[in-house]
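Here is the structure we will look at.
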2 protein chains.
Amino acid sequence: MNPVPTSENDSPPVYREIAEALRHAITSGQFADGDRLPGENDLMQQYGVARATARHALSVLINEGIVVSVRGSGIFVRAFRPLRRHGPRRLARELWETGRAVWEADANDREFETDSITVREIDAPEYVARALDLPDEARVVRRRRRHHLDGRPMQLATSYLPAELVAGTAIGEPDTGPGGIYARLGELGHPPAHFTEEIRVRMPTPGETEELRLSAGTPVLDVLRTALTTEHRPVELNEMTLDGSAYVLQYDFDA
Amino acid sequence: MNPVPTSENDSPPVYREIAEALRHAITSGQFADGDRLPGENDLMQQYGVARATARHALSVLINEGIVVSVRGSGIFVRAFRPLRRHGPRRLARELWETGRAVWEADANDREFETDSITVREIDAPEYVARALDLPDEARVVRRRRRHHLDGRPMQLATSYLPAELVAGTAIGEPDTGPGGIYARLGELGHPPAHFTEEIRVRMPTPGETEELRLSAGTPVLDVLRTALTTEHRPVELNEMTLDGSAYVLQYDFDA
DNA sequence: GAGTGGTCTAGACCACGCC
DNA sequence: GCGTGGTCTAGACCACTCA
């Protein structure tokens, strides 16, 4: 009789129970990666609930990132096959000294591509000036680009470099040449020797969701890297936003 | 007249536009951290929509982790004040050799606590045996615990150590004594010298949401650390799950 | 064209916070 | 006790996929 059967004591809401049942079916292997789950109509029948309730249950799993919905087709179990990004090794000097860009180091025989490259000289935002140890009114070269692997967008990156150091060099051009920014910095007498990476996690903005083609429930990683010379002068700040479902980050260090 | 005004060409759904307006109001500073947003009733009036639509708009922001809902009270802008976790420095040998546990290193004068400690000797799960370079039937000591800072749960940690190495020592006890596991391993002649940390991001399971008291839209960080001796023998595997809104991870390394 | 998910309305009862 | 968010129903039209 009761439209909302809060009858049983403290029982979780129906939509949660449905979500939990589906989640269990997935984690226990009843549904494999890519399998189609029971849809809204199935759930309405099986559990005798209204459509909104069935949808609510599915939305929980979608926001957990364990399933994706495909309009007109169904709800599918999501796979997770990340790319390993090895912090220290990929930034080893030998790499960019031998003409490979840092981003290339991640792509083991896979097809990589960089697009949406924009380069501009701008006034340094306050936090950039601070990170690069520059005065507030300083000019910086800002390089923006998007990296793909096997046709899939993987990360957005924005680098800032002191304009006084790099203006008029290939670093101000869309194509920085073999070995990329770091090789050019080396030629200018300021090869990066030390790196600091800061990692944060958050849910993406709508713009990032579009640019990285993220499905709902996918967090992003913010990696903020500062490159320093042997004299500990900061020469680059690189702000990266990675598709969280596409990466495993790895760092090695000693006690 | 149309109940669903899909009139304008390709205009985004109403709930998205409401969400975008609120998001913009937050990021542009019209609402500060902790401020109360217009609630469901306000949105229904302002935009002339049904309750479900207003709720839908708010649920978008909740799942983005930028606002939290408080039953009976309202929707509030969320603050983000993370703890800096410095990968290499916090694992420096001097720390645990002088009696401080690794977890203590993060807490700068803040109140820290560890609870839910359980210690058991078990058969090594397959991936644990592989990581510790042990045969499949090997026994391991598993230590589980939860770490708090200023009363807030920050991370869940599960360590695995070869039983043949640590059985009968303080590592098998809930309290491992000054300097923690690593100090004890040192006394046993196997001080950790090298570390590898792997980082993944994902949305939490319902159990983690409860144990870490996460609000909706908060991703977690999985940190998988392997500790190796000078002879590169793995002596510990530590699986940590961190509240993604509570941490900034930092790693330093050289080219 | 049948079936799937996406958006939206209108109205109901509930649990909780706060005054 | 009023207002808040939480759960749920019943029914509508839409856009898309796929056979």
Side-chain angles (χ1 to χ4, degrees), chain A residues 1-22 31 34-63 66-78 206 209 215-217, chain B residues 1-20 22 34-63 66-78 206 209 215-217:
Chain A
M1 279 301 155
N2 225 335
V4 183
T6 321
S7 356
E8 292 95 340
N9 269 338
D10 274 14
S11 67
V14 181
Y15 79 92
R16 275 186 201 279
E17 288 191 330
I18 298 175
E20 176 52 34
L22 290 173
F31 296 101
D35 278 4
R36 186 174 177 286
L37 287 186
E40 302 176 349
N41 295 322
D42 303 299
L43 296 180
M44 287 169 73
Q45 279 206 355
Q46 278 182 48
Y47 293 92
V49 294
R51 187 157 174 245
T53 305
R55 280 184 66 73
H56 199 168
L58 291 171
S59 80
V60 169
L61 302 182
I62 289 171
N63 282 314
I66 62 180
V67 305
V68 288
S69 72
V70 181
R71 195 199 195 85
S73 179
I75 308 275
F76 300 88
V77 179
R78 191 165 162 185
T209 300
S215 46
Chain B
M1 278 303 156
N2 224 335
V4 184
T6 321
S7 354
E8 292 95 342
N9 268 336
D10 275 16
S11 68
V14 181
Y15 79 91
R16 276 187 200 280
E17 289 192 328
I18 299 176
E20 176 53 32
L22 290 173
D35 277 3
R36 186 175 176 284
L37 287 186
E40 303 176 348
N41 294 324
D42 303 299
L43 296 179
M44 288 169 72
Q45 279 206 355
Q46 277 183 51
Y47 292 92
V49 294
R51 190 162 172 238
T53 304
R55 280 183 67 73
H56 199 170
L58 291 170
S59 81
V60 169
L61 303 182
I62 290 170
N63 283 315
I66 62 179
V67 305
V68 289
S69 72
V70 182
R71 198 202 195 85
S73 180
I75 309 276
F76 300 88
V77 179
R78 194 166 158 184
T209 299
S215 45

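Lettering follows sequence order; numbering is per chain, from 1. The figures that follow rest on heavy atoms only: side chains count, while hydrogens, waters and symmetry mates do not.
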Taking only residues two or more places apart in sequence or in another chain, which ones pass side-chain hydrogen bond (donor to acceptor under 3.5 Å, both in side chains) with A/R51?
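Partners of A/R51 under the side-chain hydrogen bond (donor to acceptor under 3.5 Å, both in side chains) test: A/E40.
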Which residues pass the side-chain hydrogen bond (donor to acceptor under 3.5 Å, both in side chains) test with B/S215, not counting sequence neighbours?
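With neighbours one apart ignored, the set is B/R78.
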Does any part of the side chain of [Y], heavy atoms only, come nearer than 4.5 Å to the side chain of [X], both counted from C-beta?
{"X": "B/F76", "Y": "B/V70", "value": "yes"}
{"X": "B/L22", "Y": "B/L43", "value": "yes"}
{"X": "B/V49", "Y": "B/I18", "value": "yes"}

Of the nucleotides D/dC8, C/dT7, C/dG5, which has the atom closest to the A/Y15 side chain?
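Output: D/dC8.
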Residue A/V49, side-chain heavy atoms: nucleotide from D/dT9, C/dT9, C/dG5 that is nearest:
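Closest nucleotide to the A/V49 side chain: D/dT9.
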According to side-chain contact (heavy atoms from CB on, under 4.5 Å), who are the partners of [X], at least two apart in sequence or on a separate chain?
{"X": "A/E20", "answer": "A/R23, A/H24, B/P206"}
{"X": "B/Q45", "answer": "none"}
{"X": "B/E17", "answer": "B/P12"}

Using a cut-off of strictly less than 4.0 Å between a heavy atom of the residue and any atom of DNA chain C, enumerate the qualifying residues of residues 39-48 of chain A by number.
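Nucleic-acid contacts, sorted: A/G39, A/E40, A/N41.
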Would you work out how much the helix from C/dG1-D/dC18 to C/dC18-D/dG1 bends between its ends, with each end axis defined by five base pairs, to 10 degrees?
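That helix has its two terminal axes inclined by roughly 10°.
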Donor-acceptor under 3.5 Å (A/R36 side chain, A/S73 main chain):
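At least one qualifying donor-acceptor pair exists.
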Report each atom pair, protein N/O against N/O of nucleotides 17-19 of chain D, whose distance is under 3.5 angstrom.
| residue | atom | partner | partner atom | Å |
| --- | --- | --- | --- | --- |
| D/dT17 | O4' | A/G72 | O | 3.2 |

By ring-ring contact (aromatic ring centres under 6.0 Å, His included) - contacts of A/Y15 (at least two apart):
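A/H56.
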Nearest whole angstrom, please: distance from the P of C/dC16 to the CD1 of B/I75.
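Atom CD1 in B/I75 sits about 17 Å away from atom P in C/dC16.
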Test side-chain contact (heavy atoms from CB on, under 4.5 Å) applied to B/L37 and B/V67, step by step:
CA-CA 9 Å; B/L37 287 186; B/V67 305; 3.6 Å; yes
Kindly give the heavy-atom pair with the smallest separation between B/I75 and B/S69, and that separation in Å.
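So the two residues come closest at CD1-CB, 3.6 Å.
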Near DNA chain D, under 4.0 Å by heavy atom, which residues of residues 52-62 of chain A?
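DNA chain D contact set from residues 52-62 of chain A: A/A52, A/T53, A/H56.
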Ignoring hydrogens and angles, does a donor from either the side chain of A/R16 or the base of D/dG6 sit under 3.5 Å from an acceptor on the other?
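Under the 3.5 Å cut-off, the side chain and the base do not form any donor-acceptor pair.
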Quick one: the side chain of A/R51 and the base of C/dT7, do they pair up donor-acceptor inside 3.5 Å?
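Present.
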Could you list all the ring-ring contact (aromatic ring centres under 6.0 Å, His included) pairs where at least one residue sits in residues 35-55 of chain A, not counting sequence neighbours?
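Those involving residues 35-55 of chain A do not exist here.
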